[in-house]
K.L.:
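Sharing a structure below in structure tokens format, with a few things to ask.
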There are 2 protein chains.
Amino acid sequence: MAIILYDLAGADPALRFSPFCWRTRLALAHKGLSVETRPWRFVDKAAIAFSGSEKVPVIVDGGRVVADSWAIAEYLEEAYPDRPSLFGGDVGRAHARFINAWADAALHPAILRLVVRDVWSVLDPGDQDYFRASREARLGATLERIVQDREARLGAVRQALEPLRLVLAASPWLGGEAPSYADHSVFGSLQWPRCVSRPDLLAGDDPVAAWRGRMLGLFDGLAERAAVA
Amino acid sequence: MAIILYDLAGADPALRFSPFCWRTRLALAHKGLSVETRPWRFVDKAAIAFSGSEKVPVIVDGGRVVADSWAIAEYLEEAYPDRPSLFGGDVGRAHARFINAWADAALHPAILRLVVRDVWSVLDPGDQDYFRASREARLGATLERIVQDREARLGAVRQALEPLRLVLAASPWLGGEAPSYADHSVFGSLQWPRCVSRPDLLAGDDPVAAWRGRMLGLFDGLAERAAVA
């Protein structure tokens, strides 16, 4: 039986851009598990109330419900120990938690300030008011004002990716010789602008762009085939 | 036979503050290896010319010479596989490389701008000219000018530590239930200002300060017993 994934969607239900849901999509594919996604909107709190969470990703695996991309990754590793490992052991998992936290705390907020207006523009009208109000309150300015200095902020985002470049100079994946959940975690943050925003965040000759290209090709091009706005 | 470590020293040869050498000190202690340190100064290029490196840490382990803190950690893990692991496997090592790169690319430059004048002040007079010229060229201002807005920059450094806090909310060490090389790597960056600079970089109630306290206590208080300026 396929695992059900509640997956953030735009006005076009095929448009799936959430960085956190992308982490889970790739983790499921990494484990070779089949998935049935359910498009979800920000205002659909009722649809996932059974999970105790107000946000996606939420998965339902038979009788088991798990919310939050990190908790889902830990659940999958534990529930499917015979499938390819996401973490490569306890220390690998602990270290991946840091990389995941770095994406959350350093990368995500910087990219949000570039793409927040583009995200708004692809949302269902029912979601747009919710998204504008909550993000403008959190960021302390209108969406239009936040993205006004996009060009100036772009350099800071590219600079924030520097640890990634240092790693990619030594190995093809954050997981070393093969992708790990650390790759999926950071990739989610780059798939997000790729799905909703133009022009590209990355310079063409950036090693991070080459790595993203490898990530896009994984699992028969799962991320590459994703709808873009 | 003890491993020899060339270790950056101040005017007081007992003062050892290099973040990179601290990584190696802790890695050696983690492996339970005895070490004989040789105080080294920036201008002593000739003393380590045999290593092919112009910087410390450099170790000599019998006939084997290894320079660069990351290369040393990989060497120790490979040469002493029966001692406590620094990485917990290949994926753990790959992930640790990211955390190490984050310390190098995000944390280190931010802390440098706070402590660069304090570092200068503890150096041997022979090193002070070299250090001032090289750092002023790299940072594009006088040491005194760089640290002028220390207070303003302090918030940015504390903010940069946020991924660490997210991890420490879930586990006591970056390595999970026990310290790993990731802990030693990041700790090195905090031991550096602790040895040369007042006041403390961290607020007393910061979970990062509690973790640093645990790090200071490891290996019979190896880092806690370090000389401070």
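Residue numbers start from 1 in every chain, and the chains themselves are labelled A, B, ... in the order their sequence lines are given, proteins ahead of strands.
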K.L.:
Out of curiosity, R97(A) CZ to L174(B) CG, how far, rounded to the nearest 0.5 Å?
P.N.:
11.0 Å
K.L.:
Looking only at heavy atoms, which two atoms of L166(A) and A105(B) are closest? And how far apart?
P.N.:
CD1-CB, 4.0 Å
K.L.:
Can you establish whether the number of heavy atoms outside R83(A) located under 6.0 Å from its atom CZ is more than 12?
P.N.:
yes
K.L.:
Might you point out which heavy atoms bring A94(B) and G176(A) nearest each other, and give the distance in Å?
P.N.:
CB-N, 3.4 Å
K.L.:
Rounded to the nearest 0.5 Å, what separates atom CH2 in W102(B) from atom CZ in F98(A)?
P.N.:
4.0 Å
K.L.:
Of all the heavy-atom pairs spanning P163(B) and A101(A), show the shortest one and how long it is.
P.N.:
O-CB, 3.6 Å
K.L.:
Just by modelled atom types, is the H95(A) backbone N or O under 3.5 Å from a matching donor or acceptor in the H95(B) side chain?
P.N.:
no
K.L.:
Would one find more than 12 heavy atoms of other residues, nucleotides or ligands at under 6.0 Å from atom CD of E54(A)?
P.N.:
no
K.L.:
With only heavy atoms counted, which part of L164(A) is less than 4.5 Å from chain B, the side chain, the backbone, both or neither?
P.N.:
both
K.L.:
Is the number of heavy atoms from other residues, nucleotides or ligands under 6.0 Å of R145(B) CZ greater than 12?
P.N.:
no
K.L.:
Between CG of D90(B) and OG of S180(A), what distance do you get to the nearest 0.5 Å?
P.N.:
12.0 Å
